[in-house]
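For reference, the structure discussed in these notes is given below.
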Protein chains: 2
Amino acid sequence: MSSVKEVAKRANVSVATVSRVLNNDPVVKQATKEKVLEVIKEMNYRPNLLAKNLRKQASKTIVMVLPSMSNPYFSEIARGAQAAAYDFGYHIIIGTIESKRWILDTYVNLLKTNLAEGMIFVSSSADNELLQTLVDEYPIVLCTENYPGIEAVCVTIDNKRAAYEATVELLRRGHRSIAYIAGNRQSSSVLARIEGYKEALLEAGLAYNPDFVTGAKNNFESVVEAVNGILGKGCRMDGVIAHSDLQASYILKGIKDRRIALDDSIGLISFDGTFIAEITNPSITSIVQPLYDLGYASVHKLVLKLQGDSAEAPEGLVILPHALVIRET
Amino acid sequence: MSSVKEVAKRANVSVATVSRVLNNDPVVKQATKEKVLEVIKEMNYRPNLLAKNLRKQASKTIVMVLPSMSNPYFSEIARGAQAAAYDFGYHIIIGTIESKRWILDTYVNLLKTNLAEGMIFVSSSADNELLQTLVDEYPIVLCTENYPGIEAVCVTIDNKRAAYEATVELLRRGHRSIAYIAGNRQSSSVLARIEGYKEALLEAGLAYNPDFVTGAKNNFESVVEAVNGILGKGCRMDGVIAHSDLQASYILKGIKDRRIALDDSIGLISFDGTFIAEITNPSITSIVQPLYDLGYASVHKLVLKLQGDSAEAPEGLVILPHALVIRET
DNA sequence: CTGAAAGCGCTTACAG
DNA sequence: CTGAAAGCGCTTACAG
């Protein structure tokens, strides 16, 4: 209810002075400052940020879009992003796309209507075309998924290396027929991971057989279908690398339900390392991604861009470390 | 970059007319409207919502706070809330508290600085005292968790009834020593559930023994400790009701890891019915909550409040239906 | 060190 | 049906 005007009147100063106190302008005389602060407290005054934002032409708000929240993979990233936004003094709006274009548009509109200053795309939340037009006009950061041809900072892990390590681990255990259940899209991370998988096989003197590689959506039926598709080609497998913990958990469930003709003693390694990998039976060996840090770093880079700190202006790839954690599979 | 002013100039009308077109004021002559719309399109003009918000003294934004996102329980609620916000033309900021007071304060500040118009508290995201002061000043809706003495709409399920049904199911199967692993706090939902559990026992002619009831935090160690706490009192149990799917999954994990001296053939029923209950082995029988609907309805009620539609002004409890879904435990 | 005044980009009562 | 003007609550260059 109260405004700078009323505070000014009560404190016997001008609105300019109140504003200066509010913004910690060191030019204000100590005594004046104290009086104003006292009045502010006494009136329980809070500045109207709607006005401040308009005047400063800045919302101090960023948005992060993710495919969904149902996978704990994304919630961890969101958690890191939230912490970073707070640390750097920004508001953050976290939205899930759920594969619906109109939802994505809602968030993009925040940018277009000045309600947000920059945006972070996690995983494959948008297509190349949209991304290109946005990158030209607004500060954008990519998290997890790089887009070929798009000139934007991308914070991710070394997917190729990680898949390489997972494959090497399975080979080390003596597995020789390793299937790769990839993500749905031909995204850059999927491609990089398959590269790493391939490299490890070749290094071990094994042939790369495309029949052992297929994609699956993030639901039980699709994963069962994917594994059975490989099996159906007459391929026998003794190891599997899965695109996510969730996918791996579906494989275990499929095996248990006899929907998949495999034994759960199969070598199984998944990406992500969320708590999902720990609550299944058997628990799943996985490539643990630094999810919190990926979210945090993405926001950090975006803030750097917003503040136009050209010295630290981030460009290109930011690679964060992953780790292979051995569990029961 | 462009503003109503520039659009007005190009269309040879006043800014007032442009604004009327923007807001679909039917008073504008069709021809004028068309011309303005054309210029808007041609200039690719988007209104600056920072200005509109200030002028209208409304941000068209609501905030929903949840304890965390790591439990899919909360992400489903958030999903419903997001959909509702879109349907009713509001922006929504979804924040997770992570048990940190400073994070909660961040979101409360959105209210105090006019950046948000109303707030939804999911589960126990705030204490009674804070809630009371907020309810006095702002439109507030509670989701999932009712607070005694706080006069706010609360959207939830019939927790007592649900726990009653879960207990009856276990009794029906012949279980006679049923433990209740509750949530951490003495919240109203926990209390209601214990009531239902108690009622079912008494109806079956069994005694209610407080030794069989204990609380646990949402992590593995705490749940193991809770179950072993009951076991340590010399209580033998053949059935367990758990506060959440996650807790139930920890119990199964504890049994498998031999940290809990029970067999996984134990009767186990959990609350929530998220996908967690499906990926465990064995899968968990649970009380399925209408999570998406709880989120959706919470936003709907809040919007009703904001629009001051006193006819539909919501008051008191809104109870949504739950369902007992039998799985393997 | 402080104040008067302009202005951020909209909307809306008022007049015509 | 349309326009001129005031005003939402701030911040900031300018003058003193």
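Quantities reported herein were computed from a predicted structural model and do not represent experimental measurements.
Using a distance-only test at 3.5 Å, with no hydrogens or angles considered, no donor-acceptor pair links the side chain of B/Glu145 to the main chain of B/Ser124. The closest donor-acceptor contact from the side chain of B/Tyr147 to the backbone of B/Ala126 lies under 3.5 Å.
The pair B/Glu137-B/Lys112 does not meet the salt-bridge criterion, since no charged nitrogen lies less than 4.0 angstrom from a carboxylate oxygen.
Between B/Met64 and B/Val122, some side-chain heavy-atom pair lies under the 4.5 Å cut-off.
Looking at B/Ser123 and B/Ser125, their side chains never bring a donor and an acceptor atom within 3.5 Å of each other.
For DNA chain C, each stem of at least three Watson-Crick or G-U pairs (distances under 3.5 Å) is given as range with range: C:1-3 with D:14-16, C:5-12 with D:5-12, C:14-16 with D:1-3.
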Requested in this report: Take B/Thr144 and B/Tyr73 through the test side-chain contact (heavy atoms from CB on, under 4.5 Å) and record every step on the way to the result.
Outcome: CA-CA 11 Å; B/Thr144 277; B/Tyr73 174 80; 3.2 Å; yes
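Rounded to whole angstrom, the span from the CG atom of B/Asn12 across to the C1' atom of D/dG3 amounts to 13 Å. Across the protein-nucleic acid pair, A/Lys9 atom NZ and D/dG9 atom P stand 13 Å apart, rounded to whole Å.
Within a 6.0 Å sphere centred on CD of A/Glu151, other residues, nucleotides and ligands contribute 12 heavy atoms or fewer.
Nucleotides D/dT12 and D/dG16, compared at atom C1', are 16 Å apart to the nearest Å.
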Requested in this report: At under 4.0 Å between heavy atoms, which parts of nucleotides 10-16 of chain C does protein reach? Answer with one letter per nucleotide, 5' to 3': B base, S sugar-phosphate only, - none.
Outcome: BBBB---
